[in-house]
Structure formats: C-alpha cells, structure tokens
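Fair warning: this is a prediction, and the values are worked out from it, not measured in the lab. Both counts, for ligands and for their atoms, begin at 1 and track the order of listing. Computation of the quantities below employed the complete heavy-atom set of this structure, encompassing side-chain atoms and omitting hydrogens, waters and symmetry-equivalent molecules.
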Amino acid sequence: MPKIRIAVLASGRGSNLQSIIEESQAGRLDAEIVLVASNKADAGALERAGEAGIATCAIDHRQFKNREDFDREMVAALREARVDLVILAGFMRLLSNVFIEAFPHRIMNIHPSLLPAFPGLDVQRKALEYGARFSGCTVHFVDGGLDTGPIIIQAVVPIHEDDNEESLSARILEQEHRIYPRAIQLFAEDRLRIEGRRVRILNPDRPEDRALINPPLS
Ligand code: GAR
C-alpha cells in the first residue's frame, strides 16, 4: 500500500510531532511526513523536524492582515507538498473556512480533554478546577467550530487528589502520544468514515466493557 503524505502543523515544542516521527521511523505508520509547518519560526517542532530530515516551513501569522490571508499562504505550501492529510499538533491558530474547505475531512486535531468537555485553551487547568474525576485527550476531524469536529479516538485518564496542572498534563500527554499515531494509521488504512457527527471505524477492535470509576469502589 502506498504511504499517505501528511503535513504536521505545530506552534510549540512538538512532542506529538516527535511521537509521529518515531512511529513512522519504526515502520508502524503507512504515512510519510512530507512537511512540518509552523506559524512560529522558533517552534521546537521545526527543530525536531530538521533533526529528522523533514522539510519545514515557517509562516509568521503576524505578517498577514487577516486569518484568511494567512490560511491561503499555508494552504499553498500544503498543496505544493501534495499533502493528503493535515495533522494539527499543538497548532494554536483557529482555521478559517479557506483552510477547512481546501482539505475537506482531511484535517485532524488533538485536544487535551475529553471533548465535548472543555474545548478551548488551558483545559487541563479547567478540568482540575471543575473537579472532574477523569480527563483525557481526543483526536477529531476539524470542522468550522472550536474543537467541535467528529471524534475519531479518545483516551481517558483519572484525575488524582494531589494532581496539579503539570502532573495532569503529563498524564494526558503520554496518551496523546499513543492515540494520535493510531488515528493517522486508521486514516492511512482508509478505515474512517464520517457519518454526520460520528466517525465510523471499519473493522474496529471492540473495547472492553469495563467501567472506570474514580474514586474506585473498594
Ligand atoms: C498538546 O497537549 C496538545 O493536545 C495541545 O497542545 C499541546 C502541544 O504539545 N493542543 C491544544 O491545546 C489545541 N487546542 P506538543 O507541542 O508537545 O505536541
């Protein structure tokens, strides 16, 4: 099977990018990262891409008078790289319709909460402040809303009594690194079908019917 061509867009340190690079290098991903792009020239993600010999591109959003013009420039770079799937991995920019319509059903995002709970920013802190007993992470297709697109895969983690933002973020991040490569592989295997709000997965493994309870019943 030919590999799909993916681009990863990241604004920050790029640990999710790193996990995708490693899965790809280990031969566990039918996807080739053909471009890593950022809106920040000093993003750690660009450095990681450079070290892995992947082409990079930085487009400073501050140089554009509006979101659409920035997106047009980014879309041009992605088209030039003949990208099949766009992976947002800590890309801290909202996409306009210009971007979304250029890659219909071909943009994924990872978000550090169990959507639809806690969309937006600083969500690990918000889950703690709310008093939630579980949080997690979500990979979803991107639509026009804020973290609202059809959900592909989620991981759940418990919130402990003594958690702070840092410890909870680390527990969630560990799972992000596991589920994002999996979502990409499901796409590469052409096993994802968007049906309204739901993503149907062809030939899925059935999850265990085991409830998670926190605090546990003793
Ligand atoms: C990740 O936790 C990701 O879920 C989050 O940014 C972090 C990026 O980390 N994304 C969002 O909050 C998107 N709204 P990374 O640069 O180490 O991959």
### Query
Is the count of non-hydrogen atoms from other residues, nucleotides or ligands lying under 6.0 Å from Glu80 atom CD greater than 12?
no

### Query
Less than 4.0 Å between a side-chain N and a carboxylate O, is that true for Arg178 and Glu174?
no

### Message
Can you report which non-hydrogen protein atom sits closest to atom 14 (N) of ligand 1, along with the distance?
### Response
His111 ND1, 3.7 Å

### Query
With a cut-off of 4.0 Å, which atoms of ligand 1 are near a heavy atom of Gly90?
6 (O), 8 (C), 10 (N)

### Task
Do me a favour and list the nearest non-hydrogen protein atom to atom 15 (P) of ligand 1 with residue, atom name and distance?
Ser15 N, 3.4 Å

### Task
Could you check atom 9 (O) of ligand 1 against the protein and tell me its nearest heavy-atom contact, residue, atom and distance included?
Arg13 NH2, 3.2 Å

### Query
Does an N or O from Gly14, backbone or side chain, lie closer than 3.5 Å to an N or O of ligand 1?
yes

### Task
Output yes when a side-chain donor or acceptor of Arg5 lies under 3.5 Å from a complementary backbone atom of Ala31, and no otherwise.
no

### Message
Any carboxylate oxygen within less than 4.0 angstrom of a Lys/Arg side-chain nitrogen, looking at Lys126 and Asp122?
### Response
no

### Task
Identify the heavy atoms of Ala43 and Ser11 that sit nearest to each other, and give their distance.
CB-O, 3.6 Å

### Task
Report yes or no: does Ala10 have a heavy atom closer than 4.0 Å to ligand 1?
no

### Query
Between Asn109 and ligand 1, is there a nitrogen or oxygen pair with a distance under 3.5 Å?
no

### Contact check: Gln124 vs ligand 1, nitrogen or oxygen atoms, below 3.5 angstrom
no

## Note on the structure
atom 1 (C) of ligand 1 sits nearest the protein heavy atom Glu176 OE1, 3.1 Å

### Summary
The protein heavy atom nearest to atom 10 (N) of ligand 1 is Ile110 O, 3.7 Å

### Message
Using a plain distance cutoff, I'd like to know if Asn16 has any nitrogen or oxygen under 3.5 Å from a nitrogen or oxygen of ligand 1.
### Response
yes

### Query
Salt bridge or not for Asp163 and Arg171, using N-O below 4.0 Å?
yes

### Query
So does Asp42 pair up with Lys40, basic N to acidic O under 4.0 Å?
no

### Query
In terms of ring plane angle, is the pair Phe70 and Phe91 parallel, tilted or perpendicular, where the classes change at 30° and 60°?
parallel

### Query
Is there a donor-acceptor contact under 3.5 Å from the side chain of Arg191 to the main chain of Leu186?
no

### Query
Which atoms of ligand 1 have any heavy atom of Pro112 under 4.0 Å away?
4 (O), 5 (C), 10 (N), 11 (C), 12 (O)

#### Entry: Any Met92 heavy atom less than 4.0 Å to ligand 1
yes

